[in-house]
J.: 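Have a look at this one.
Atom set for the values below is all heavy atoms of this structure, side chains included, hydrogens, waters and symmetry mates excluded.
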Amino acid sequence: MALLVAAQDESRIVGGHECPRHGLPYQVILSNSRKNGPDVRCGGVLIEPDWVLTAAHCDNQGDIFTRMGDHSLRANEGSEQCITSAQKFPHPDYNPNTHENDIMLIRLRNPAIINEFVRPIALATQCVEPGTRCQVSGWGTTRSPQTQFPDLLQCAEVYTISNEKCSEIYPHSITEDMLCATVKQGGVDACQGDSGGPLVCDNKLQGIVSWGMQLCAQKGDAGVYTKVCQYTGWIHRIVQSHPGNHTVYAC
């Protein structure tokens with residue numbers, strides 16, 4: 001079995017294709033600066049006008065700058081919204097060694113303007129069944145182990161597998177709060193830069209890109225996602241107990 005590496009180095013899109021332009025209005029970029037053409041630290045998902053869901057391993061020591069409404073990172077398309085984090089809520093039981101509870105909420109300083117380019121996605125209300133076709137997306141590297149970061153948002157179709165099957169790939173590492181997805185023949189996977197981004201099945205958010213093998217998209221391997229359906233209660237409690245303020249920032 002290939003060597004596992006730290007979660008923040010593992011999650012990226014390989015073997016995908018360009019997403020429909022502005023077809024994923026919930027997709028968020030997390031970066032360390034507010035500059036145009038952002039450095040992509042991680043992905044994220046807009047779940048409420050002023051809340052973004054991402055992976056806990058995407059946390060840093062300072063503000064997180066979110067950017068949404070993008071398709072091309074290099075072009076100014078006029079649809080972009082840039083909003084700084086106001087508060088961060090990594091799961092209190094997140095374990096960076098085991099990747100358990102790899103989930104974090106970000107409350108934005110002001111709510112996003114909801115339009116055709118920026119729109120929240122619904123959380124899963126039921127856990128997804130094995131064998132379901134899902135879509136993962138992001139601006140992570142399209143090559144592994146070399147890195148080649150794309151300008152345009154990339155999508156890939158993967159299929160969920162049971163935790164029992166996933167445990168054969170990652171013995172003693174898969175918990176009930178994790179969800180695995182793969183393509184049987186290999187060649188398609190999330191990779192570096194996609195961490196924290198969405199796994200969407202039947203138009204519902206089912207997963208957050210979390211971890212995997214050091215080499216992405218290898219035959220017989222699987223990407224591991226935080227299973228969103230296990231955290232809906234925690235998400236709702238945090239959102240309802242922390243109302244936002246409306247200080248406006250622009251790109």
J.: The test is side chain to side chain contact (heavy atoms under 4.5 Å, CB included); show your working for Asp177 and Thr226 and say whether it passes.
T.: CA-CA 6 Å; Asp177 299 323; Thr226 305; 5.9 Å; no
J.: Hey, any chance Leu73 and Leu24 share a hydrophobic cluster, counting ILVMFWY side chains that come within less than 4.5 Å of each other, even indirectly?
T.: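 Yes.
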J.: Calculate, to the nearest 0.5 Å, the distance between atoms CD and CG belonging to Gln81 and Asp70 respectively.
T.: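 Answer rounded to 0.5 Å: 10.5 Å.
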J.: Using every non-hydrogen atom in the two residues, find where Ser210 and His57 come nearest and quote the distance to one decimal.
T.: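 Nearest pair, atom of Ser210 first, then His57: O-CE1, 3.2 Å.
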J.: Indicate, with yes or no, if the rings of Tyr231 and His91 have centres closer together than 6.0 Å.
T.: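 Here the rings of His91 and Tyr231 have centres that are less than 6.0 Å from each other.
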J.: State, yes or no, whether a side-chain contact exists between Glu116 and His22 at a heavy-atom distance under 4.5 Å.
T.: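 The answer is no; the side chains never approach within 4.5 Å.
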J.: Hydrophobic clusters here meaning ILVMFWY residues chained together by side-chain heavy-atom distances under 4.5 Å, can you tell me if Tyr159 and Val209 are in one?
T.: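 No.
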J.: Counting C-beta onward and ignoring hydrogens, is there a side-chain heavy-atom pair between Leu53 and Met104 closer than 4.5 Å?
T.: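 Side chain of Leu53 against side chain of Met104, heavy atoms only: no contact under 4.5 Å found.
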J.: Under 6.0 Å from the CG atom of Asp202, do we count more than 12 heavy atoms belonging to anything else shown?
T.: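 No.
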J.: Are the side chain of Arg67 and the backbone N or O of Leu30 linked by a donor-acceptor pair below 3.5 Å?
T.: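 No, the answer is negative, given that no donor and acceptor are paired below the 3.5 Å cut-off.
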J.: Has Thr160 got a side-chain atom pairing as donor or acceptor with Glu129's backbone, closer than 3.5 angstrom?
T.: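 Confirmed, Thr160 side chain pairs with Glu129 backbone.
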J.: Would you confirm whether Thr182, through its side chain, and Asp221, through its main-chain N or O, come within 3.5 Å as a donor-acceptor pair?
T.: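 Judged by distance alone, yes, a pair lies under 3.5 Å.
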J.: What pair of heavy atoms forms the shortest contact from Pro111 to Asp50, and how long is it?
T.: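 Where Pro111 meets Asp50 most closely, the heavy atoms are CA-CB, 3.8 Å.
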J.: Side chains of Trp139 and Ile29, heavy atoms from C-beta outward: is any pair under 4.5 Å?
T.: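 SC-SC contact between Trp139 and Ile29 confirmed.
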J.: Treating Thr66 as the side-chain partner and Ile83 as the backbone partner, does any N or O pair qualify as donor plus acceptor under 3.5 Å?
T.: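 It does hold such a pair.
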J.: Examine the side chains of Thr175 and Glu100 and answer whether a donor and an acceptor come within less than 3.5 Å of each other.
T.: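 No donor-acceptor contact under 3.5 Å links the two side chains.
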J.: Do NZ/NE/NH1/NH2 and the carboxylate oxygens of Arg21 and Glu77 come within less than 4.0 Å?
T.: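 Salt bridge present between Arg21 and Glu77.
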J.: With the side chain counted from C-beta on, respond yes when Tyr225 and Val136 share a heavy-atom pair under 4.5 Å apart, and no when they do not.
T.: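 Heavy-atom side-chain distance check passes, below 4.5 Å.
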J.: Whether the side chain of Ser85 engages the backbone of Gln87 through a donor-acceptor N/O pair (distance < 3.5 Å, no angle test) should be reported.
T.: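 No, Ser85 side chain to Gln87 backbone: no donor-acceptor pair under 3.5 Å.
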J.: Any Lys/Arg nitrogen of Lys88 or Asp59 sitting under 4.0 Å from an Asp/Glu carboxylate oxygen of the other?
T.: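 Looking at Lys88 and Asp59, the cut-off is met.
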J.: Under the criterion side chain to side chain contact (heavy atoms under 4.5 Å, CB included), I'd like the reasoning laid out for Val228 against Leu199: C-alpha separation, chi angles, the key distance, then a yes or no.
T.: CA-CA 9 Å; Val228 170; Leu199 180 74; over 6 Å; no
J.: Assert yes or no for the condition that the ring centre distance of Phe89 to Trp234 is strictly below 6.0 Å.
T.: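 When the ring centroids of Phe89 and Trp234 are compared, they turn out to be at least 6.0 Å apart.
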J.: Tell me the closest heavy-atom pair linking Glu157 and His17, and the distance in Å.
T.: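 Distance-wise, the nearest heavy atoms are OE1-NE2, 3.0 Å.
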J.: In the structure I gave you, are the side-chain heavy atoms of Pro49 and Pro120 within less than 4.5 Å of one another anywhere?
T.: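 A side-chain contact under 4.5 Å exists here.
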J.: Say whether, by atom type as modelled, one donor and one acceptor occur between the side chain of Ser137 and the main chain of Cys155 under 3.5 angstrom.
T.: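 No: the side chain of Ser137 does not pair with the backbone of Cys155.
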J.: Compare all side-chain heavy atoms of Leu179 with those of Val224 and state whether any distance is below 4.5 angstrom.
T.: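 Not in contact.
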J.: Quick one: CD1 on Ile235 to CD on Gln230, what's the gap to the nearest 0.5 Å?
T.: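 Rounded to the nearest 0.5 Å, the CD1-CD separation comes out at 11.0 Å.
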J.: Report yes or no: do Ile114 and Ile106 belong to one cluster of Ile/Leu/Val/Met/Phe/Trp/Tyr joined by side chain heavy-atom distances under 4.5 Å?
T.: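 In one cluster: yes.
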J.: Measure the SG-CD1 distance between Cys166 and Ile174 for me, rounded to the nearest 0.5 Å.
T.: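 Taking SG in Cys166 and CD1 in Ile174, the distance rounds to 4.0 Å.
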J.: Within the distance-only criterion (no hydrogens, no angle test), does the side chain of Thr54 pair as donor or acceptor with the backbone N or O of Gly43 below 3.5 angstrom?
T.: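 Side chain of Thr54 to backbone of Gly43, a donor-acceptor pair under 3.5 Å: yes, one is there.
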J.: Taking all atoms of both residues into account, what is the closest heavy-atom pair of Thr98 and Met178, and its distance?
T.: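 Scanning both residues completely, I find the closest heavy atoms to be O-CE, 3.6 Å.
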J.: Over all heavy atoms of both residues, which pair between Asp102 and Ala56 is shortest? Give the atoms and the distance, please.
T.: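 Smallest interatomic distance, heavy atoms only, reads OD1-N, 2.9 Å.
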J.: Under the side chain to side chain contact (heavy atoms under 4.5 Å, CB included) criterion, do Met68 and Glu80 qualify, and how do the steps go?
T.: CA-CA 6 Å; Met68 52 200 84; Glu80 300 90 344; over 6 Å; no
J.: Mind checking whether Phe117 and His71 have ring centres under 6.0 Å apart?
T.: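 Judged by ring-centre distance (under 6.0 Å), Phe117 and His71 do not meet the cut-off.
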J.: Closer than 3.5 angstrom, by distance alone: can the side chain of Ser31 be matched with the main-chain N or O of Arg41 as a donor-acceptor pair?
T.: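 Absent.
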J.: Would you confirm whether Tyr170, through its side chain, and Ala222, through its main-chain N or O, come within 3.5 Å as a donor-acceptor pair?
T.: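 Yes, the answer is positive, given that a donor and an acceptor are paired below the 3.5 Å cut-off.
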J.: Between Leu108 and Trp51, does a side chain to side chain contact (heavy atoms under 4.5 Å, CB included) hold up when you go through it step by step?
T.: CA-CA 6 Å; Leu108 303 176; Trp51 288 92; over 6 Å; no
J.: Would you give the length of the straight line joining atom CD of Glu176 to atom SG of Cys127, rounded to the nearest 0.5 angstrom?
T.: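 One gets 9.5 Å once the value is rounded to the nearest 0.5 Å.
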J.: Using only atom types and a distance under 3.5 Å, with no angle test, would you say the side chain of Gln206 pairs donor to acceptor with the backbone of Gln126?
T.: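 Looks like yes, one N/O pair under 3.5 Å.
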J.: Measuring from Ser167:OG to His172:NE2, what's the distance to the nearest 0.5 Å?
T.: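 So the OG of Ser167 and the NE2 of His172 are separated by 9.0 Å.
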J.: Can you name the closest pair of heavy atoms from Val45 and Ile208 and give their distance?
T.: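 Looking at all heavy atoms of both residues, the shortest contact is CG2-CD1, 3.8 Å.
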J.: So, do Leu123 and His236 sit near enough that their side-chain heavy atoms are less than 4.5 Å apart?
T.: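 When only atoms from C-beta onward are counted, His236 and Leu123 do touch, with a gap below 4.5 Å.
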J.: So how far is it from Cys180 SG to Ile161 CD1, rounded to the nearest 0.5 Å?
T.: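 Cys180 SG to Ile161 CD1: 5.0 Å, rounded to 0.5 Å.
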J.: Going by heavy atoms in the side chains, are Ser173 and Trp211 under 4.5 Å from each other?
T.: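 With C-beta onward as the side chain, the pair touches.
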